[in-house]
A.B. asks: 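Let me begin by handing over the structure; questions about it come next.
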Amino acid sequence: MLSPRSVAGQVFLLQLVLIVVLVAATMVTLVLQARRQGTEAARAEVLAAGEAFANAPGTAKALDSPDPTAVLQPRAEAARKRSNLDNIVVATTQGIRLTHRDPRLIGKRYVGPYREAVHGKAFTHVVVDPLGLSVYAAVPVFRPDGSVAGIVTPEITVKNVNEGVERQLPMLLGAAGGALAVALAGSALVSRRLSRQTHGMAPAEMTRMYEHHDAVLHAVREGVLIVGGDGRLLLANDEARRLLDLPADAEQQPVTDLGLAPDTAELLASRRKATDEVHLAGDRLLAVNVRPVDDGGPAGSVATLRDTTELRALAGRAEMARERLRLLYEAGVRIGTTLDVVRTAEELAEVGVPRFADFVTVELLDPVLRGEEPDSASTEMRRTAVRGIRDDQPLYPVGELIRFAPANPVAAGMTSGRAVLEADLAASGGWRAQSPERAQRILDYGIHSLISVQLQARGIVLGMANFWRSENGPFEQEDLDFAEELTARAAVCIDNARRYTREHAMAVTLQRSLLPRELPEQSAVEAASCYLPAQAGVGGDWFDVIPLPGTRVALVVGDVVGHGLHAAATMGRLRTAIHNFSALDLSPDELLGHLDELVARIDQEQTAEGDGAAITGATCLYAIYDPVSGQATIARAGHPGPALVHPDGTVTFPDVPVSPPLGLSASMPIETAELHLPAGSRLALYTDGLVESRDRDLDTGLALLRDALSHPDRAPGQTCQEVIEALRPTSPSDDIALLVARTRRLDPSQVAVWEVPDDPTAVAPVRAACARLLETWGLSHIAFTTELIVSELVTNAIRYGGTPITFRMLHDRNTLICEVSDGSSTSPHLRRAAATDEGGRGLFLVAQIAQRWGTRYTARGKVIWTEQSLAEGAAEPGEGMDDGLLLDRWSL
């Protein structure tokens, strides 16, 4: 605080020096004064003592006595001691000492100026000897006759000249200390005040700050005024003087007397807060900002002035540039939100209105709308989007196929590839020639200016974007750059949508070709299906209804994770594999086991090829329903379980054991579930996209599915429609596949079963019973061929199979099915018998006279079955076969 570099410290040092000088001067004065006063007092004292001793009675007489020393020495010593003198010397007129305090000096000559005293004149004299300052007097001793008898010289040494000073020194030093304390306190107060006012800055910092502030204040291109609380101008920088044309002596004058405009003077003097208020100062337009200052310091206000006259035009252009940049940013966000060509064109039109144009139209080439790549630029385009500030514009409507005339600006821009500006449509002959009547209506409507820009991406011309103005001013040359930038961004989005449309169409076509177009007719179930692709494109969901021998049916639903062509192709491969495995009449767990191995092998092949398109993640549910027993056997690999709708409308979700997804089972066994389905029950198989989405969780989806299925009186097709309407997400992110099957049961009268003894003689009774049953069913016309099939199948089972042996015959609506089951797992094989073979012709005969035949395995053996068609117009078994060849190969 009292640093020598601070103002307070320097003031304190100055005061300290002054106090020291004053104390020293006072002490010198006191010393000199004390010496003078002491010397004068000593003069008076020695003179009085000398006069008294010289005029004492007997002094003159003693001088004239024979032994003056004997008389005068005692007297002189007594007088010296009484008067506190240092010495009293009595000498003769010749200067011989007669008395002295040092007896050794008596009789010696007196040294000193005593001549005047010999002549009768008394005087005093001051000398400085080694003992100090001494004062003595020389007083003559007169005889009665007036002659001088001798000289009396009293002497006093001024030993304590400074005793008076020493007595006054404590007072002097105390006063000096008090003065020093007062100076220190004053300096401290000044230092604190200065520190508070300067915010603790050092003088060098204040100097530098002042220099910087002064430089900034006078160099800044903005006027600065500081006005006091009394309305007087305290400070004005150079720019303020220039803008307001202030006189040289403006400072310290009231702002109302400076010749300013009344409103400006009133604002500056009022201390009212203002922000960018516009005031006229001569031919200048000033933006004035005023902020009051009353934060504990002197009241007042600070005003800044900015000349907006020169910047108004630049500000307008800058604002327009900012608006264009903002619009381009919004275009990047708003255009291309979907992968739909038409919607993207509409977004381009929406962005351009009304901030750039009053109306925007977009025309695209027809191949672009279909997702195809145009062969070349054409002046025949289809209007795809129209947006404007009003809806009653006379422009071509959306969907219109327009063939632009060669002289039309749109056609010119299409062929040249450059943006075309028509600032005045009324003066454009080429534009008016396109359609004079419509052009006149457009002009009468108020549209007067046009910019036409080609939509081009990756070197491919997609169409044209046209910007029209009616209420705003005509387009200028600088608007072309913005229009080209805007359309360039939109063209990329339109081209992306076009390419997506092409790929989506290809994927949809592929998937539709891979999915069943219609479900096959069969007696076991009444089935309906629905497939809904995801918004992002088709995926790998599929469903199937596969007729199986014995009037049974397989119901399949599966899902390949992912979307696009790869997922659709993978789905086709898996669906084909399931059909092939179903032809082997495998159980659901066996079929899924084989399918799991196939998926793992395909996945390994693709990984080895390095294309990275692994299909791991496929799921599948496979169910076999038998309408004779009403049993359904279900197995699933990573797939959602089915929903079962009972005849009374109750919806349950049966507990079907779940296995890992296909390709991930690692040879783990797949479990199955057995369900008994009454006639009229409905089994709903679906993919996870139906019940799970971004809008809801699985529990909510299952609850909605339960509500949608709880209508037992609805047909499967109607049920599918209601389920999709109830659960379809707003924007489906995954495919949805749904298969609803209403179960049927074969009437017991359509089923006949015989237990066959292990005896060759049992063949005839079984054959006879079958003939009687066929007559009952009205199938006598196929009794002969059926008896042949029964004889061969039962005979082979007795001869080559194992017990127990059972024969079953099923009368479906269009087929007659014969089944022989036995306890052996040995499968018969069709072969061509040689001429010398005794056997081997029976199975060949069966294959010729039956529509189909095959073998399936059960838990206790196998079943050999045949199907004979009952449909009208069906080819007779063995038709077209040479009878001789048949007889050669078959023997009873």
Side-chain angles (χ1 to χ4, degrees), residues 285 308-332 334-335 345 347-363 381 383 385-390 393-396 404-434 438-456 461-492:
L285 202 60
T308 62
T309 306
E310 301 173 354
L311 298 179
R312 180 170 295 273
L314 291 177
R317 288 195 293 271
E319 181 62 28
M320 179 180 295
R322 285 194 297 269
E323 178 64 22
R324 295 288 172 82
L325 289 175
R326 192 179 301 113
L327 186 56
L328 286 176
Y329 170 77
E330 292 182 7
R334 294 174 54 184
I335 299 177
E347 290 170 344
L348 168 60
E350 291 170 356
V351 168
V353 176
R355 294 161 64 180
F356 178 65
D358 297 323
F359 299 93
V360 176
T361 60
V362 180
E363 293 82 42
M381 293 172 283
R383 179 145 291 175
V386 176
R387 288 292 185 275
I389 57 176
R390 296 191 299 274
Q393 82 285 341
L395 301 171
Y396 286 107
F404 292 96
N408 192 290
V410 178
M414 190 67 172
T415 56
S416 66
R418 294 189 299 271
V420 178
L421 168 63
E422 290 289 346
D424 186 5
L425 290 176
S428 175
W431 176 77
R432 295 172 65 94
Q434 171 74 31
R438 184 179 295 273
Q440 190 59 46
R441 291 200 304 270
I442 292 175
L443 293 175
D444 294 341
Y445 187 79
I447 297 177
H448 55 76
S449 185
L450 165 68
I451 288 181
S452 186
V453 186
Q454 188 182 79
L455 289 166
Q456 185 181 98
V461 178
L462 307 174
M464 297 293 291
N466 305 308
F467 304 90
W468 313 77
R469 279 188 180 176
S470 60
E471 297 186 358
N472 295 318
F475 286 114
E476 299 178 358
Q477 193 67 29
E478 61 183 13
D479 294 323
L480 280 179
D481 296 336
F482 174 77
E484 289 178 339
E485 178 68 21
L486 180 61
T487 53
R489 298 190 179 194
V492 174

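All heavy atoms count here, side chains included; hydrogens, waters and symmetry mates do not.
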A.B. asks: Can you find a heavy atom in the side chain of Leu486 that is under 4.5 Å from one in the side chain of Leu328?
C.D. replies: yes
A.B. asks: Carefully, step by step, assess Val362 and Met464 under the rule side-chain contact (heavy atoms from CB on, under 4.5 Å).
C.D. replies: CA-CA 6 Å; Val362 180; Met464 297 293 291; over 6 Å; no
A.B. asks: To the closest 0.5 Å, what do you measure between CG (Leu348) and CG (Leu455)?
C.D. replies: 6.5 Å
A.B. asks: So does Ser470 get a backbone contact from the side chain of His448, meaning a donor-acceptor N/O pair under 3.5 Å?
C.D. replies: yes
A.B. asks: With the threshold set at 4.0 Å, does a side-chain nitrogen-carboxylate oxygen contact exist between Glu347 and Arg387?
C.D. replies: no
A.B. asks: Could you give the distance from CE (Met414) to CD (Gln456), rounded to the nearest 0.5 Å?
C.D. replies: 9.5 Å
A.B. asks: Determine whether Leu421 and Gln477 make a side-chain contact, defined as any pair of heavy atoms from C-beta on separated by less than 4.5 Å.
C.D. replies: yes
A.B. asks: Looking at Ser428 and Pro409, what are the two nearest heavy atoms and their distance?
C.D. replies: OG-CG, 4.2 Å
A.B. asks: Would you say that Val351 contacts Val360 through its side chain, given a criterion of any heavy-atom pair below 4.5 Å between the two side chains?
C.D. replies: no
A.B. asks: So, Glu484 and Arg418, do they make that salt bridge, N to O below 4.0 Å?
C.D. replies: no
A.B. asks: Taking the side chain as everything from C-beta on, heavy atoms only, tell me whether Asn472 gets closer than 4.5 Å to Asp358.
C.D. replies: yes
A.B. asks: Kindly indicate whether the side chain of Asn466, heavy atoms from C-beta on, has any atom under 4.5 Å from the side chain of Ile451.
C.D. replies: no
A.B. asks: Would you confirm whether Arg383, through its side chain, and Tyr396, through its main-chain N or O, come within 3.5 Å as a donor-acceptor pair?
C.D. replies: yes
A.B. asks: Output the distance between atom CD1 (Ile442) and atom CG (Leu395), rounded to the nearest 0.5 Å.
C.D. replies: 5.0 Å
A.B. asks: Closest approach of Ala385 and Ala349, non-hydrogen atoms and distance?
C.D. replies: CB-CB, 4.4 Å
A.B. asks: Taking atom types as modelled, is there a side-chain donor on Trp468 or Thr361 under 3.5 Å from an acceptor on the other?
C.D. replies: yes
A.B. asks: To check you understand the geometry: which heavy-atom pair defines the closest contact between Ala419 and Val453, and what is its length?
C.D. replies: CB-CG2, 3.9 Å
A.B. asks: Using a 6.0 Å distance limit plus a 45 degree cone around the ring axis, check whether Arg469 lies over the aromatic ring of Phe359.
C.D. replies: no
A.B. asks: Taking Asn408 for its side chain and Ala405 for its backbone only, find out whether a donor-acceptor pair lies under 3.5 Å.
C.D. replies: no
A.B. asks: Just verifying a value: how many Å separate Trp431 CH2 and Leu425 CG, rounded to the nearest 0.5 Å?
C.D. replies: 5.0 Å
A.B. asks: With a 4.0 Å cut-off, would you call Arg489 and Glu485 a salt bridge?
C.D. replies: yes
A.B. asks: Measure the acute angle between the ring planes of Phe467 and Phe356, then classify it against the limits of 30° and 60° as parallel, tilted or perpendicular.
C.D. replies: perpendicular
A.B. asks: Between the side chains of Gln440 and Arg432, does any donor sit under 3.5 Å from an acceptor?
C.D. replies: yes
A.B. asks: Applying the side-chain contact (heavy atoms from CB on, under 4.5 Å) criterion to Gln454, which one of Val461, Val410, Thr487, Leu462 satisfies it?
C.D. replies: Val461
A.B. asks: Does any non-hydrogen side-chain atom of Arg355 lie less than 4.5 Å from one of Arg326?
C.D. replies: yes
A.B. asks: In Å and rounded to the nearest 0.5 Å, what is the CE to CZ distance from Met381 to Phe404?
C.D. replies: 4.5 Å
